[in-house]
Structures are given as structure tokens and as C-alpha cells.
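Everything below concerns the one structure shown next.
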Number of protein chains: 2
Amino acid sequence: MDIVDVTAFYEAIKNNNSFIITSHIDPDGDSIGSVLALTLALLKKDKKAVPVINDDIPKKYEFLSGSNLITKRISGNYDALVAVDSSDVERLGFREGLDRYANVIINIDHHKSNTNFGNLNIVDSNASSAGEIIYGLLDGEIEIDYDIALNIFTSIVTDTGSMRYSNTTSLSLRILADLVDKGVKPNYVSRQVFEKRSISSINLLKLALDTLELSADNKVASIYITKEMLEITGALEEDIDGIINYAREIEGVEVAVLFREKEESLTKVGFRSNEWMDVSKIAEKFNGGGHLRAAGCIMKVPLEKARKIVLNTVRMYIMEGFGERCN
Amino acid sequence: MDIVDVTAFYEAIKNNNSFIITSHIDPDGDSIGSVLALTLALLKKDKKAVPVINDDIPKKYEFLSGSNLITKRISGNYDALVAVDSSDVERLGFREGLDRYANVIINIDHHKSNTNFGNLNIVDSNASSAGEIIYGLLDGEIEIDYDIALNIFTSIVTDTGSMRYSNTTSLSLRILADLVDKGVKPNYVSRQVFEKRSISSINLLKLALDTLELSADNKVASIYITKEMLEITGALEEDIDGIINYAREIEGVEVAVLFREKEESLTKVGFRSNEWMDVSKIAEKFNGGGHLRAAGCIMKVPLEKARKIVLNTVRMYIMEGFGERCN
């Protein structure tokens, strides 16, 4: 752990009564699962706990216990705000400074780039997921029942890509085993999270694959998705999840990039790498961030311009073997 | 375990010096990994051990330690033959009876349908994979080094579909964790086994997805692949693997069918189901077979005719709720 004060965490829980539990916009399995696991644990401790995510929750996560409790916007004052899985304050998507919502800010995260924005910071960049940290905090302190287990299992399994990503450790696997012993069915979670396709999502996939482009000796693969593609197919934002892997999984590819046209002059860029490139360094060049093998940024330029700038940079990094130097 | 005599197994290893280690034709990650793990363990014990698989080994498994030792056909006489992951003798693909190759036959398997064909039978249908049983036999008896660990990890991860199938237990996950502690990198194995795409395979996927068709209230989804599609894209037979899942994973679909034009009047049909339909019953109608959730058959009719006949039958079964009756 980079910065840890676990005793202070338990003290903060003990000494406060009302909590906002929140996470980043663009919610995923880890952020939602972690928020809900901690919320359910606090409710079990007879605390007031409100899960807040300032964005839409993808439909596929509605199976998670407690998902019906999630509130989109909140006002009023709480004793404490716990942010999980968010490397900075901006990603939380609140309209005002966090101190307008709560007196104590607790920051629980596994991103290396975390800005330690809390009054209390529990940041462990060796953890596979925020859910893994939450498990460590709860284990032995509260009975982890099926509902909490389901949320933590989903956190870990989504952030490790079902054991496929390099952040999968033996600790992650032992925690998953413990959660299976609490009644979680791995195939049930997989089906909810990875295996629900709509016809629209298949049509989007086909259009996206048509844009697949290789460069830099086939070491770089990129795909783009326009607003129009979503409109034509009727696909949802969440249907974009995973499409970047088609680029990443091509033999010989080291870096995969997915460009998503959000607005006419707003492009979201996702990066993945396979073996050696530290893509968080590339994302940081464009004021983004993330992990060694998965990172992202948002650029205030049109799709075409973003593609040109980013792909040039990626190619330069690839040619210079940049990642090898900084690993 | 259904039938177990572990002490007799250790005795048999101790009292014999030369071993054939073998498994079924149509080899997969579990059969190859289990054969190699046991072979390497016996070699460490200074036994003579030859891994024999009477079929071609898919290229993607060449990364497994010891894969270069695998022999395709064997003659001569050995003290013992150990068959792993094979429910009967026929699946092993030997030309003659097993007693022509060895004096003692040891049968290690996890299929419920195992015929107990060995002199010694270690059959545990609760095990996720043959590799999991091999781990149980070796653990504590021999130092499981990286090479053995890599093989067992690959066995378990392929047979559990990377935690996605219902056979994933907490024991499987704990064994995987132990193997990670021996140095196995989960993302490395996943990349070898699940994540190698070629551009040809992506082009084949696009053509195949264009044929996707839903019927019977969207409960049946089918895809077909013609010889021409393979020719146009340059994709390989193995690139067809997994395409049926795009049909199976569509929300609401119960039965997915993939038609593969082999020759002008020869069509291979694969079936998958999600929740309740016993697709082995459908495959049996056409002289095929398989499991509850995965089955297949080969029909001596052109693709179009096969589609018509099979889809009509599937729809009839779906409408009658056939699977519910026979589960």
C-alpha cells in the first residue's frame, strides 16, 4: 500500500453516523460493486449510508444487491464522504467541492495516479481493484454476507477481466475463492457482466470492426466509434465496453487504442497494452491517467484530429520502446 | 470423488518405471496440460515417461512446458499407461487395445460418464478439470515447479472458461492462486489460450455476424459459415471456435446454433443452450451427441437444407419446452 491508515479508517467509521459512498462517473463493475459493498456493510453497522453515483448505471449491473439504493445526485450535509476507485476529485462528478457535502473525505483507491485528495487516504496500487481493498477492510470486521460478497466478487472479476489482466494476483484469486464460499456463483456473475449482448451491440461491433487499423509494424491497432454509429445501431454507451479488446488481442499488437466521439469536439480515448508499454504515460501526455496496461484520456478536439495526434504519439512511443525504459 | 484409490496410485507410481501418459483426441487445454504436468512430475521422480496424444496439438498450446516431448503415435511396451481426461478407451485413439501398450492402466478423469476402464480408476466428477485432480495427486508429494504449475493452471483455466463456467469452485480458485504463487502469470496464459486473434479471424467474425438470425420469439439464434467465407478471409478452421457464443449471449436467447458448410453436401452443426434446453437431445435426433449445454452433429445435406431442417426442429423443441421436461 502506498498510503494507508487503516486504524484511522475504522475510527472514522465509528465516530461518524451518516455517509455518502461514491465513485467515478462512467461507472463500471469495480466502482459500482465497491460502492455497494461498502454501503451494505455500513447499513449492517446501523449507519446511514447513501450510495451516490453522478451518472447512469449500466443496466447490466442492476443484478447487484443494493443497486436500487443508488442515487444520482445528492445535496445536503453528511458526516463523511467515502470515494472509492477514483483517482481524483473531478472524476467523481460532483457539482461543488466535496466539503459542501461532508465534513470528512475518505479516499479508497487502487490507481497509482491517485492524488490523495482525502482527509484519509487508503491507496493501494498493488490491489487488483477497489473491491479487493474493500474486502481487506471488511474482512474480520463485519460478516461478509452473500449480498456484500456478490458486489466484491463482481468488482474483482470485472477489473481483472476474469483473470485475463496482469493485475490478477494470488490474493485476488483467494478472495474470489472466499466469496464463492459465501455463495457467489462465478458463472452467474459472468453471464450478467460479460455475456449479455443485444442485437444493437452486435451491429455496433460490426461497424467498429470496420474501422480497425494497424500501424507501426502492426504493433498498434486502433478502432473508432462515432456518435452516428451509436445512433444508427441504437447501441448504448455500455455496448462499447470490450470492443477495444478486439484490437488488443490481435497477434503482435502491443498497444490498442479506442477513440470514441462524444461530441463534435470531444473525443474519449482508451488505451490498452499487452506486454511492456506503460500506457498510463501516454494517457498522461493528454491529461489523462490510469494503469500500466489500461488508461484513458478525454480530448477537446474532433475525432479525426484526436486520432491523428494520439496515434502519432503512440507510434513514437512504440518506436522508442518507451515503456521498456519506464517499467 | 466417485471412485478413488489414491494410495494405490502412489504405489503404482513407485512400483513401475516406464509410463505412457495419454489423453483424448481433439486435444484441449485440460487434456494437454494434464498430460504434461504428470509427465514432468514423473520425469522429476526419475521415471521414464512419454506423453502420447494420438492427434495434432493446436499451435496455441505449444507454449506449454514439455509440449515438445509429445509423441503422436507409440508402439512398444511400457509398465503403465495413465489416461487423463478421457471418459472411455475409444476417445484415446489408440489402434489396439490398451493392454498391448502397458501392463497397468490408470484412469484419471473428471467426466461423470467415465467407464472406469482402468485397473486403477481415479474419477472425480466434482473436479473442474483433470488438471485439478492431478494437482491434488501431486501436491505434497512432489515439488510443483513453474513448468508443472503452468500446465495445471492452463488445464483449470481452459476447462472453467476462465471462471465463466458453472464448474468453477472455490477449490479451483485456490489451486489457481497457489499456482500463481509458483510464478504463473494469469494474463500470459490467457493471452496464449484465449486472446490470439488474426485479422482473418476478425474478418470471418464480421461475415458470420452478418448471417445472425433470430426466431421463435428470439429464443433461437443461428449463425452460418460457408466454405467461401473461409476462403475469402483466409481464416482457419480454429477461427470458428467461439463464434457460436455471439448467438448464445444475446439476451433472451435459449438455444444458439452454428452451421458450418464443410462440403457441398456436408454440414456440421453446433448447439449451445443457456438455461434449460438439453441440446444433446436435439443433436441425438440427427445422430450427434454431447452435453446438456453443448452438443453437435454432422449432416449429409447442403447448408441451406440443414438450416431449414434443424431450425424447424429446434423451434419445435423450444415451443414444447422440451428441455424442461427432460431436465
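Lettering follows sequence order; numbering is per chain, from 1. Just so you know, these numbers come straight off a predicted model, no measurement behind them.
- With a 4.5 angstrom heavy-atom cutoff, Thr169(A) touches chain B only via backbone atoms.
- For a residue to count as touching a neighbouring chain, one of its non-hydrogen atoms must lie under 4.5 Å from one of that chain's; by this rule Leu171(B) does not touch chain A.
- Interface summary for chain A: among Lys206(B), Glu251(B), Arg164(B), Lys196(B), the most heavy-atom pairs under 4.5 angstrom belong to Arg164(B).
- Counting heavy-atom pairs closer than 4.5 Å to chain B, the top-ranked of the candidates Ser170(A), Ser166(A), Gly161(A) is Ser170(A).
- Chain A forms more heavy-atom pairs under 4.5 Å with one residue of Ala177(B), Ser190(B), Ser198(B) than with any other, namely Ala177(B).
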Subject >> Residues Thr168(B), Asn187(A); criterion side-chain contact (heavy atoms from CB on, under 4.5 Å); working and verdict >> reply: CA-CA 8 Å; Thr168(B) 313; Asn187(A) 56 316; over 6 Å; no
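- A distance of 5.0 Å separates CD1 in Ile202(B) from CG in Leu212(A), rounded to the nearest 0.5 Å.
- Residue contact with chain A, scored on non-hydrogen atoms closer than 4.5 Å, is absent for Ser201(B).
- Heavy-atom distances place no part of Tyr188(A) under 4.5 Å from chain B, backbone and side chain included.
- Around the CG atom of Asp217(B), the shell of radius 6.0 Å holds no more than 12 heavy atoms that belong to other residues, nucleotides or ligands.
- Shown here is Glu228(A), whose CD atom has no more than 12 heavy atoms of other residues, nucleotides or ligands within 6.0 Å.
- To the nearest 0.5 Å, the span separating CD1 on Ile250(B) from OG on Ser200(A) amounts to 10.5 Å.
- Residues in residues 150-163 of chain A take part in these side-chain hydrogen bond (donor to acceptor under 3.5 Å, both in side chains) pairs, two or more places apart or across chains: Asp30(A)-Ser155(A), Ser34(A)-Ser155(A), His110(A)-Asp159(A).
- Heavy atoms of Leu179(B) lying under 4.5 Å from chain A are absent altogether.
- Salt-bridge annotation for Arg248(A) and Glu195(B): present, with a side-chain N of the basic residue lying under 4.0 Å from a carboxylate O of the acidic one.
- With respect to chain B, the highest number of heavy-atom pairs below 4.5 Å among Asp210(A), Asn218(A), Val189(A), Asn245(A) belongs to Asp210(A).
- With respect to Arg191(B), the salt bridge (charged side-chain N to carboxylate O under 4.0 Å, His left out) criterion is satisfied by exactly one of Glu254(A), Glu275(A), Glu249(A): Glu275(A).
- When each of Val253(B), Ile199(B), Asn274(B) is scored by its heavy-atom pairs under 4.5 Å with chain A, the top score falls to Asn274(B).
- Every pair tested for ring pair (Phe, Tyr, Trp, His ring centres under 6.0 Å) that includes a residue from residues 146-182 of chain B fails, sequence neighbours excluded, so the list is empty.
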**OP:** Begin from the C-alpha positions of Leu173(B) and Arg174(A) and carry the test side-chain contact (heavy atoms from CB on, under 4.5 Å) through to its verdict.
**Re:** CA-CA 7 Å; Leu173(B) 290 166; Arg174(A) 286 196 180 97; over 6 Å; no
